[in-house]
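So you know, we letter chains A, B, ... as the sequences are listed, proteins then strands, and number each from 1. Everything quoted here is computed from the prediction, not taken from an experiment.
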There are 2 protein chains.
Amino acid sequence: MGTDSAELRQPVMADVAKLAGVSHQTVSRVLNGAPHVRPDTRDRVLAAIRELDYRPNSAARALVTKRSQTLGVVSFDSTLYGPASMLDGIEQAARSAGYFVSVASLRSLDSRSVQEAVDRLRDQGVEGVVVIAPQISAVSAVAKLSSSVPVVAVGSGNQARVPMVSVDNQAGAAAATRHLLDLGHRTVHHLGGPSGWLESQDRQAGWRQTLEAAGAQAPEVHSGDWSARSGYQAGLRLAEDPEVSAVFCANDHMALGLLRALHEAGRSIPGDISVVGFDDIHEAAYFTPPLTTVRQDFGELGRRALGLLVDAVAGVGHAREHVLISAELVLRRSSGPFATRR
Amino acid sequence: MGTDSAELRQPVMADVAKLAGVSHQTVSRVLNGAPHVRPDTRDRVLAAIRELDYRPNSAARALVTKRSQTLGVVSFDSTLYGPASMLDGIEQAARSAGYFVSVASLRSLDSRSVQEAVDRLRDQGVEGVVVIAPQISAVSAVAKLSSSVPVVAVGSGNQARVPMVSVDNQAGAAAATRHLLDLGHRTVHHLGGPSGWLESQDRQAGWRQTLEAAGAQAPEVHSGDWSARSGYQAGLRLAEDPEVSAVFCANDHMALGLLRALHEAGRSIPGDISVVGFDDIHEAAYFTPPLTTVRQDFGELGRRALGLLVDAVAGVGHAREHVLISAELVLRRSSGPFATRR
DNA sequence: GTACGGTCTGTGAGCGTGAACAAGAAGTAC
DNA sequence: GTACTTCTTGTTCACGCTCACAGACCGTAC
């Protein structure tokens, strides 16, 4: 009946305008901080906004400005510590840059799946996408679609054709390996990550190059899937080889499984075997024994990636930018000097 | 200068319509699966869509339908295993329900912060919100704002005034405690989570009630902040008390720190002290020794929460629904029979 | 007095889509 | 043949906002 039943629907700009006794355009100007609005007019508008609890309709704004204020994140397994931390860093940075964050997680690794996820985000109207998917397949898939919307990858490697932020895995692995060699070990075994992951490749490359540079022979690589379980299984095999005195694991979770297996096999750590991990997850300092590892700051990784993306969306920044973040060796008790045994 | 430079801007529905020789409304009908479209017309439209690589403008659609197809997730520390897994489950479920997911993570715990996060999501036009924030303060804050947009909480406790999905923490804690009592321990010590968390409260309640029901005396509670570090510190204190023979930890990470501290103090596990955790994180089976713990399925939690939210958005479902998911005790080597010592 | 520049505000159009309505074509029943 | 229903398509409008433009007002300079 009455035209005043304003509670029934969300207030719109016109309602605010009427209440403040101005035109909708003036309300818009106040909202967007446009110049040339008289202070008392501005105050009346703001008061009306507060009174009605008015909130601008983002769809209407997006329709006319063609900007959704939303960035997308494609992530592979956001259950893992690394991806989860990066997502966290990305969200933080996006918020302070005034963007919303929409996520799409991958269920499988094939490039079609990446394609689908990015398409989904595009359909939603995101202005740019961060891909947390350090698989080779993913990165190459991403490179193809970077035409329609800016894409930034966070991961590893440098063969990507999109801007990228990554930890210097190779240098980190080299530092870990050199540390073990410096302790007197004749060589260092490697428990690598799954093939197809850039991080696996880079860490393995850092390890191998360091051994070669030192004139040490590189033993056969054992591979896991990042999980503690796979580290345990590899550990059982490594424990059978009396020559093994030092192992560099591609991540901390596998190192945990490895420690467990070596312990069960009666090997003392670091007395018999030294172990070094990668990541420095929060728990690493409380493993038995505390794990020497390579620290990488996932949150920083995410923030930097988002920074790059924001630049790309704004049209600033170079297309092939590649930010490399250094990793730091953290010494703990799981690594010790080589001791002659038996 | 030609009007045919179609590459310059994204194609819109009218472009598809012109190419297919129909009106834009027919294109709309095809897109939305409306009835009464002749098969060959439909095919022509679909062909035109493919040829132009047309994608509907989601802002325009949202403007007219008043539906953004987006759900929001408020999360506290998505770096932790639990929240990260729930987020993953939520995203999966949202995708299959046809929704996008937008995240907002909290930097601090106060209810103003929760309010802000939810406001942010509302400004973006989300149709509903899942709050992963098992703090008492958060839940009460959420209850207030559930008026404007449907909200579902995932966490613990039952005092909430919004629909909620949670693990039966109390029963899980009771099972863990009973298990230790059954092993012959006279009582069970408790390393609790931070106060203010519903999960801390519920797990502590389950522990306490079980002890009381068994006629055992409940020792003073030690509290941590969920981290391995805090578990380690509590472990150092507990190790000083020769009466301690069994400890129930409110999560696995603290249990890890506790194991470390007890090990350093020369206590054997489970010989001297039995330890039980909560969560069953992937690593728990590879602790030294493998950890007896209470398994909860975070992914399932997230999926169920999203299911509830979708119902709420659709107007189905009861306002005060509370889904309780059971937790399961997983026996490993860290718990064993009480042995008289010294 | 007129002219001009700056400040402030309002009007109208249009963004791309879905919904309501209208209208033509085709088939069925009498 | 007409009347009626069902299928199929098109036209017009509205969603809520920003942008371009126009106009009103004020002060100052000539």
Side-chain angles (χ1 to χ4, degrees), chain A residues 3 6 8-46 48-49 52-70 98 100 122-127, chain B residues 3 6 8-46 48-49 52-70 98 100 122-127:
Chain A
T3 58
L8 291 182
R9 57 162 177 63
Q10 289 284 356
V12 298
M13 203 173 261
D15 299 324
V16 175
K18 202 200 297 183
L19 181 60
V22 297
S23 73
H24 66 108
Q25 177 59 11
T26 297
V27 177
S28 172
R29 278 191 267 258
V30 170
L31 245 32
N32 296 308
H36 309 315
V37 176
R38 222 164 37 199
D40 61 315
T41 306
R42 170 184 308 275
D43 290 346
R44 281 209 321 282
V45 170
L46 289 175
I49 288 175
L52 296 178
D53 189 28
Y54 164 74
R55 359 210 14 137
N57 180 313
S58 63
R61 175 176 294 185
L63 178 59
V64 61
T65 61
K66 301 188 180 311
R67 306 206 49 190
S68 64
Q69 306 281 39
T70 303
F100 301 110
R122 274 180 52 194
D123 288 349
Q124 196 190 0
V126 299
E127 297 181 33
Chain B
T3 58
L8 292 181
R9 58 163 177 64
Q10 290 282 357
V12 299
M13 203 174 262
D15 300 324
V16 175
K18 202 198 301 181
L19 182 60
V22 297
S23 73
H24 84 266
Q25 179 59 5
T26 297
V27 177
S28 173
R29 279 191 266 259
V30 170
L31 246 30
N32 296 306
H36 308 316
V37 175
R38 224 167 30 202
D40 59 315
T41 307
R42 171 186 308 275
D43 290 346
R44 281 210 319 282
V45 169
L46 289 175
I49 288 175
L52 297 177
D53 190 27
Y54 163 74
R55 359 214 10 142
N57 181 313
S58 63
R61 174 177 293 183
L63 178 60
V64 63
T65 61
K66 301 186 179 311
R67 305 205 50 188
S68 63
Q69 306 282 39
T70 303
F100 301 110
R122 274 180 52 195
D123 288 349
Q124 196 190 0
V126 298
E127 296 180 35

- Item | Where chain B begins and ends its contact with DNA chain D, read 5' to 3' at 4.0 Å from heavy atoms |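 In short, chain B contacts DNA chain D from D/dC7 to D/dG16.
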- Item | Per-nucleotide protein contact string for nucleotides 6-11 of chain C (B base, S sugar-phosphate only, - none; heavy atom under 4.0 Å) | -SBBBB
- Double-helix bend of the helix from C/dG1-D/dC30 to C/dC30-D/dG1, axes at both ends from 5 pairs, round to 10°, gives 60°
- Sequence neighbours excluded, which residues qualify as side-chain hydrogen bond (donor to acceptor under 3.5 Å, both in side chains) partners of A/Glu127?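 A/Glu127: side-chain hydrogen bond (donor to acceptor under 3.5 Å, both in side chains) contacts with A/Arg67.
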- Message: Checking B/Asn32 now: which residues fulfil side-chain hydrogen bond (donor to acceptor under 3.5 Å, both in side chains) with it, not counting sequence neighbours?
- Response: B/Ser28
- What's the shortest heavy-atom distance between B/Leu63 and A/Ala59, and which atoms?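 It is N-CB, 3.8 Å.
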- Where A/Pro11 and A/Leu52 come nearest, the two heavy atoms and their spacing: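 Nearest pair, atom of A/Pro11 first, then A/Leu52: CG-O, 3.5 Å.
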- Quick one: which residue pairs count as a side chain to side chain donor-acceptor pair (under 3.5 Å) with a foot in residues 52-61 of chain A, not counting sequence neighbours? A/Arg55-B/Asp123
- Message: Restricting to side chain to side chain contact (heavy atoms under 4.5 Å, CB included), what partner residues turn up for B/Val22, sequence neighbours left out?
- Response: B/Ala17, B/Ala20, B/Thr26, B/Val27, B/Thr41, B/Arg44, B/Val45
- B/Gln124: partners by side chain to side chain contact (heavy atoms under 4.5 Å, CB included), with sequence neighbours left out: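 Partners of B/Gln124 under the side chain to side chain contact (heavy atoms under 4.5 Å, CB included) test: A/Thr70, A/Phe100, B/Ser102, B/Leu121, B/Val126.
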- By a strict heavy-atom criterion of less than 4.0 Å, which residues belonging to residues 55-69 of chain A are in contact with DNA chain C?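 Hits under 4.0 Å, by residue number: A/Leu63, A/Val64, A/Lys66.
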- Within residues 23-39 of chain A or reaching into it, pairs that qualify as salt bridge (charged side-chain N to carboxylate O under 4.0 Å, His left out) - sequence neighbours excluded: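 Every pair satisfying salt bridge (charged side-chain N to carboxylate O under 4.0 Å, His left out) with a residue in residues 23-39 of chain A: A/Arg38-A/Asp40.
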- Query: From A/Met13 CE over to A/Gln25 CD, what is the distance, rounded to the nearest 0.5 angstrom?
  - Reply: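 One finds 8.0 Å between CE of A/Met13 and CD of A/Gln25.
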- Message: Would you compute the distance between atom NE2 of B/His24 and atom CG of B/Asp15 and round it to the nearest 0.5 angstrom?
- Response: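 Rounded to the nearest 0.5 Å, the NE2-CG separation comes out at 12.5 Å.
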